[in-house]
Trainee: 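Just dropping this structure here.
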Amino acid sequence: MAYQLYRNTTLGNSLQESLDELIQSQQITPQLALQVLLQFDKAINSALAQRVRNRVNFRGSLNTYRFCDNVWTFVLNDVEFREVTELIKVDKVKIVACDGK
Amino acid sequence: MANSANTNTVPKLYRSVIEDVINDVRDIFLDDGVDEQVLMELKTLWENKLMQSRAVDGFHSEEQQLLLQVQQQHQPQQQQHHHHHHHQQTQPQQTVPQQAQTQQVLIPASQQATAPQVIVPDSKLIQHMNASNMSAAATAATLALPAGVTPVQQILTNSGQLLQVVRAANGAQYIIQPQQSVVLQQQVIPQMQPGGVQAPVIQQVLAPLPGGISPQTGVIIQPQQILFTGNKTQVIPTTVAAPTPAQAQITATGQQQPQAQPAQTQAPLVLQVDGTGDTSSEEDEDEEEDFDDDDDEEEDKEKDGAEDGQVEEEPLNSEDDVSDEEGQELFDTENVVVCQYDKIHRSKNKWKFHLKDGIMNLNGRDYIFSKAIGDAEW
């Protein structure tokens, strides 16, 4: 069963919104929408695992940490994300991480 | 060049995920007895929302190219009034072979006999569409839509005409000439008189069911005014986010009333004369004198006493709360990284993160990584 973790991303949210619109107009059932989301979970999990091959480094200060139900949630401040090609700076970032094993 | 790595891979990955998902659910849709066009509509909605979010660069949309092709088709057809429009041939960004044919101007049967409406989407339109903020499934309330047509976008051209670009079931695109809403005719009307022409602007999207629809099915219409700012091409937003004067007035008055009420209840009307607001230490003489005075003066003095007591108190209490606002963590537009962890390590207050397979949204843009390593001090 793939993680539903990626539903709260741009890609996942736009899919959910689109499905909601179709449900509202009664073109699909909620059950069908759920099936689509489950399929999305599988697709995004496998795409990330197989089609992405890049590394990122980051550094910042840790504001809060939480470990609950095997999910880590961090809030970092003044973080720099560094990829080979570019540098991204943010004042605050929330990291939600599920167990990778 | 420096940014090319991420901006190239992210749209491609998203595209491939969309394709995979759509193809995988096609069977589920058919099993449920849902038509293929609903699937196409889902795909359109999904792509449009991704485009609107601007989290991904270079995310082309098929509608844009179709609109370009329609534009090129219409220019030779319409010769009546718009010679002065410079017909720039914008190059389609990508070829969409399967949809090159069947673009027609669809005139609904119930269209009123207005002067022949010329539809010449300006080339500016195309550029505007990139930045447009349209809901993908906007429905025309006043237009009689042919069966099975899903309206996609509403566009206002320079000449002040309301365009509707729709995508039909088979993927072809049509442009519907509007009927009554275009009292605007062909002359450029820079300013709309308030209370003059009020074209109903479509609010929320309920895509019509295929196979025969009542045009008014489940569509919310609010009479609004179409704003013309000079001669600028303007895209009519069909979402609630469009602020227009009429709407602003309606909502403003609605908001004023509930806001006024809490304001009133905040004024101190109940006085505390014991405990912290205790003024009895001032001796009873003052109170006895107060009784002789008018009620107004008495209330004023007591109010002052109570307020003074509160003012002294607030600084004391307000220092008790040390924690950060919880609102910080719940704030919506903050940068988010969604991923999986390989290893999280801590030594005293030094944390090390080993993460993988993540999608990041930083400063409004999307990034992806297969591995991420980080350090932080708590």
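Side-chain atoms are counted along with the backbone in the values below, which use heavy atoms only and exclude waters and symmetry mates. The sequence lines fix the lettering, A, B, ..., with proteins before strands; numbering per chain opens at 1.
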Trainee: Relative to chain B, which of A:Asp91, A:Val79, A:Val56 shows the most heavy atom pairs under 4.5 Å?
Mentor: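 Looking at each option in turn, the highest pair count goes to A:Val56.
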Trainee: About how many Å separate CD of A:Gln39 and CZ of B:Arg26, when rounded to the nearest 0.5 Å?
Mentor: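 Between atom CZ of B:Arg26 and atom CD of A:Gln39 there are 12.5 Å.
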Trainee: So which part of A:Lys89 gets closer than 4.5 Å to some heavy atom of chain B, the side chain, the backbone, both or neither?
Mentor: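 Backbone of A:Lys89 only, per the 4.5 Å heavy-atom cut-off to chain B.
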Trainee: Could you check whether the rings of A:Phe58 and B:Phe353 sit parallel, tilted or perpendicular, using 30° and 60° as the cut-offs?
Mentor: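 Ring orientation of A:Phe58 relative to B:Phe353: parallel.
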Trainee: Which heavy-atom pair separates A:Ala43 from B:Asp20 by the least distance, and what is that distance?
Mentor: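 Taking A:Ala43 first and B:Asp20 second, the nearest heavy atoms are CB-CB, 4.4 Å.
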Trainee: Taking every heavy-atom pair that is under 4.5 Å apart, which of A:Asn13, A:Leu15, A:Val90 has the most such pairs with chain B?
Mentor: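 Looking at each option in turn, the highest pair count goes to A:Leu15.
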Trainee: Quick one: of B:Asn363, B:Ile22, B:Leu42, who has the most non-hydrogen atom pairs under 4.5 Å with chain A?
Mentor: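 Looking at each of B:Asn363, B:Ile22, B:Leu42 in turn, B:Leu42 comes out on top.
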Trainee: For the interface with chain B, which of A:Thr9, A:Leu32, A:Val93 has the highest count of heavy-atom pairs at distances below 4.5 Å?
Mentor: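 Ranked by contacts with chain B, first place is A:Leu32.
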Trainee: Would the distance check show the side chain of B:Lys49 and the main-chain N or O of A:Glu17 forming a donor-acceptor pair, the cut-off being under 3.5 Å?
Mentor: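 No, because the side chain of B:Lys49 does not come within donor-acceptor range (under 3.5 Å) of the backbone of A:Glu17.
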Trainee: Less than 4.5 Å to any heavy atom of chain A: does that hold for the side chain of B:Ile28, its backbone, both, or neither?
Mentor: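 Interface part for B:Ile28: both.
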Trainee: Heavy-atom distance under 4.5 Å to chain A: side chain of B:Val17, backbone, both or neither?
Mentor: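 For B:Val17, heavy atoms of backbone and side chain both lie under 4.5 Å from chain A.
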Trainee: Heavy-atom pairs under 4.5 Å with chain B: which of A:Leu19, A:Val71, A:Leu48, A:Asn45 has the most?
Mentor: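 Top count of heavy-atom pairs under 4.5 Å with chain B: A:Leu48.
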Trainee: B:Trp351 side chain to A:Ser61 main-chain N or O, any donor-acceptor pair under 3.5 Å?
Mentor: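 No; judged by distance alone, with no hydrogens or angles, the pair does not exist.
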Trainee: Side chain, backbone, both or neither: which part of A:Leu76 has a non-hydrogen atom closer than 4.5 Å to chain B?
Mentor: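 For A:Leu76, side-chain heavy atoms alone lie under 4.5 Å from chain B.
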Trainee: Nearest heavy-atom pair of A:Gln27 and B:Val34: which atoms, and what distance?
Mentor: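 Taking A:Gln27 first and B:Val34 second, the nearest heavy atoms are O-CG1, 3.8 Å.
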Trainee: To the nearest 0.5 Å, what is the distance between CD on B:Glu334 and NZ on A:Lys94?
Mentor: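 Between B:Glu334 CD and A:Lys94 NZ, I get 5.0 Å after rounding to 0.5 Å.
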Trainee: Calculate, to the nearest 0.5 Å, the distance between atoms CG and NZ belonging to B:Asp24 and A:Lys42 respectively.
Mentor: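 It is 8.0 Å, given to the nearest 0.5 Å.
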Trainee: To the nearest 0.5 Å, what is the distance between CZ on A:Arg51 and CD1 on B:Ile368?
Mentor: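 So the gap between those two atoms works out to 10.5 Å.
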Trainee: Would you mind checking which part of A:Leu38 comes under 4.5 Å of any heavy atom in chain B, side chain (CB onward), backbone (N, CA, C, O), both or neither?
Mentor: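 Neither part; nothing is under 4.5 Å.
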Trainee: Of the listed residues (A:Leu11, A:Thr29, A:Asn57, A:Leu5), which shares the most heavy-atom pairs with chain B below a 4.5 Å separation?
Mentor: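 Looking at each of A:Leu11, A:Thr29, A:Asn57, A:Leu5 in turn, A:Leu11 comes out on top.
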Trainee: Under a 4.5 Å heavy-atom cutoff, which of A:Phe81, A:Phe40, A:Trp72 has the most pairs with chain B?
Mentor: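 So the answer, after comparing A:Phe81, A:Phe40, A:Trp72, is A:Trp72.
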Trainee: Please check if atom NZ in A:Lys101 has more than 12 non-hydrogen atoms from other residues, nucleotides or ligands closer than 6.0 Å.
Mentor: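 Yes.
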Trainee: Are B:Arg365 and A:Glu86 within salt-bridge range, i.e. N to O under 4.0 Å?
Mentor: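 Salt bridge absent between B:Arg365 and A:Glu86.
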Trainee: Considering only heavy atoms, which portion of A:Asp78 lies under 4.5 Å from any heavy atom of chain B: side chain, backbone, both, or neither?
Mentor: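 Looking at A:Asp78, nothing touches chain B.
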Trainee: As an exercise, state the distance from OH of A:Tyr65 to CD1 of B:Ile344, rounded to the nearest 0.5 Å.
Mentor: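 Going from the OH atom of A:Tyr65 to the CD1 atom of B:Ile344 covers 13.0 Å.
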Trainee: So for B:Ile373, is it side chain, backbone, both, or neither that comes closer than 4.5 Å to the heavy atoms of chain A?
Mentor: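 Interface part for B:Ile373: both.
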Trainee: For A:Val52 and B:Asp357: C-alpha separation, side-chain torsions, deciding distance, then whether side-chain contact (heavy atoms from CB on, under 4.5 Å) applies.
Mentor: CA-CA 8 Å; A:Val52 186; B:Asp357 295 343; 6.0 Å; no
Trainee: Considering non-hydrogen atoms only, spot the tightest contact between A:Asp99 and B:Gln340 and give its length.
Mentor: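 Taking every non-hydrogen atom into account, O-OE1, 4.0 Å.
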Trainee: Working to the nearest 0.5 angstrom, can you tell me the gap between A:Glu21 CD and B:Trp46 CH2?
Mentor: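 One gets 14.0 Å once the value is rounded to the nearest 0.5 Å.
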Trainee: A:Asn70 and B:Tyr341: which non-hydrogen atoms are nearest, and at how many Å?
Mentor: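 Smallest interatomic distance, heavy atoms only, reads O-OH, 3.0 Å.
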Trainee: Under 4.5 Å heavy-atom distance to chain B, tell me which part of A:Ser46 shows up: side chain, backbone, both or neither.
Mentor: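 Neither part.
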Trainee: Are the side chain of B:Lys371 and the backbone N or O of A:Asn54 linked by a donor-acceptor pair below 3.5 Å?
Mentor: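 No, because the side chain of B:Lys371 does not come within donor-acceptor range (under 3.5 Å) of the backbone of A:Asn54.
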